[in-house]
Amino acid sequence: MEKQSVQVFGRKKLATAVAYCTKGRGLIKVNGVPIELLEPEILRLKTYEPVLLLGQDKFSTVDIRIRVKGGGYTAQIYAIRQAIAKALVAYYQKVRFLVTGCGRDLGRGEGLWAHG
């Protein structure tokens, strides 16, 4: 079976964040440091937005490693946020494709953000 991992990027101005998402246990690291220790603290909350928006359950089965460089603090934070969101979407699309064995959709209301 093909390895369940994706690599995506997020950009803001001159900052680029590359996220590598694999099956795991809910760890998110930025440049080798847990996301909880990201500085400045005020902007750290911006990186939590994808997690808070989708819920912790979507993140509890994946590990995301992020490398970010270029730009200033704020641009890096926004690049990280975009990379996290894109990584999760791409990962679940790939897993769904591998599980169903084809590119067809699972049907209405059965996707990642289905309610109910």
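What you see is a predicted model, and the numbers here were worked out from it, not measured in a lab. Atom set for the values below is all heavy atoms of this structure, side chains included, hydrogens, waters and symmetry mates excluded.
The structure places NZ of Lys94 at 5.0 Å from OG of Ser5, a figure rounded to the nearest 0.5 Å. Note that CD of Gln82 is 10.0 Å distant from OG1 of Thr16, once rounded to the nearest 0.5 Å. Taking CZ of Arg96 as the start and OH of Tyr91 as the end, the distance is 14.0 Å to the nearest 0.5 Å. Expressed to the nearest 0.5 Å, how far CD of Gln76 lies from CG of Leu14 amounts to 10.5 Å. We find the NZ-NZ distance between Lys23 and Lys3 to be 12.5 Å, quoted to the nearest 0.5 Å. Here the straight-line distance linking atom CD1 of Ile28 with atom CZ of Phe59 works out to 5.5 Å at 0.5 Å rounding.
Cluster annotation: Ile84 is not connected to Phe9 through the hydrophobic network of ILVMFWY side chains, with a link wherever side-chain heavy atoms come within less than 4.5 Å. Hydrophobic clustering (ILVMFWY, side-chain heavy atoms < 4.5 Å, transitive): Val99 and Leu88 are in one cluster.
Pairing each heavy atom of Gly10 with each of Ala83, the nearest pair is N-CB, 3.8 Å. Closest approach of Cys21 and Val62 over heavy atoms only: SG-CB, 3.9 Å. Closest approach of Ala15 and Ala79 over heavy atoms only: O-CB, 4.0 Å.
Judged by distance alone, the side chains of Tyr92 and Thr61 do bring a donor and an acceptor atom under 3.5 Å apart.
In this structure, Lys46 forms no cation-pi arrangement with Tyr78, as its terminal cationic atom is not both closer than 6.0 Å to the ring centre and no more than 45° off the ring axis.
The side-chain heavy atoms of Ile35 and Ile66, taken from C-beta on, include no pair separated by under 4.5 Å. Contact annotation: the side chain of Pro50 never approaches that of Leu53 to less than 4.5 Å [non-hydrogen atoms, C-beta and beyond].
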I would like to know whether Val8 and Val89 meet side chain to side chain contact (heavy atoms under 4.5 Å, CB included); could you show each step before the answer?
CA-CA 10 Å; Val8 297; Val89 169; over 6 Å; no

Verify side chain to side chain contact (heavy atoms under 4.5 Å, CB included) between Thr47 and Leu38, making sure each step is shown before the conclusion.
CA-CA 9 Å; Thr47 62; Leu38 214 58; 3.6 Å; yes

After noting the C-alpha distance and the side-chain angles of Ile80 and Val30, does the key distance pass the side chain to side chain contact (heavy atoms under 4.5 Å, CB included) rule?
CA-CA 8 Å; Ile80 290 167; Val30 178; 3.7 Å; yes

Go through it in stages, so that I can follow the logic: the residues are Gln7 and Val18, the test is side chain to side chain contact (heavy atoms under 4.5 Å, CB included), and I'd like the CA-CA distance, side-chain angles, deciding distance and then a yes or no.
CA-CA 7 Å; Gln7 185 172 350; Val18 178; 3.3 Å; yes

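The main-chain N or O of Val68 is found under 3.5 Å from a side-chain atom of Asn31 such that the two form a donor-acceptor pair. Within the 3.5 Å criterion, the main-chain N or O of Thr22 finds no donor-acceptor partner in the side chain of Asp63. Side-chain atoms of Arg44 come within 3.5 Å of backbone N or O of Glu36 as a donor-acceptor pair. With Lys58 contributing its side chain and Val51 its backbone, the two residues share no donor-acceptor pair below 3.5 Å.
Crowding of Glu39 atom CD: a count of heavy atoms from other residues, nucleotides or ligands under 6.0 Å exceeding 12. Atom CG of Leu52 sits in a crowded spot, with more than 12 heavy atoms from other residues, nucleotides or ligands closer than 6.0 Å.
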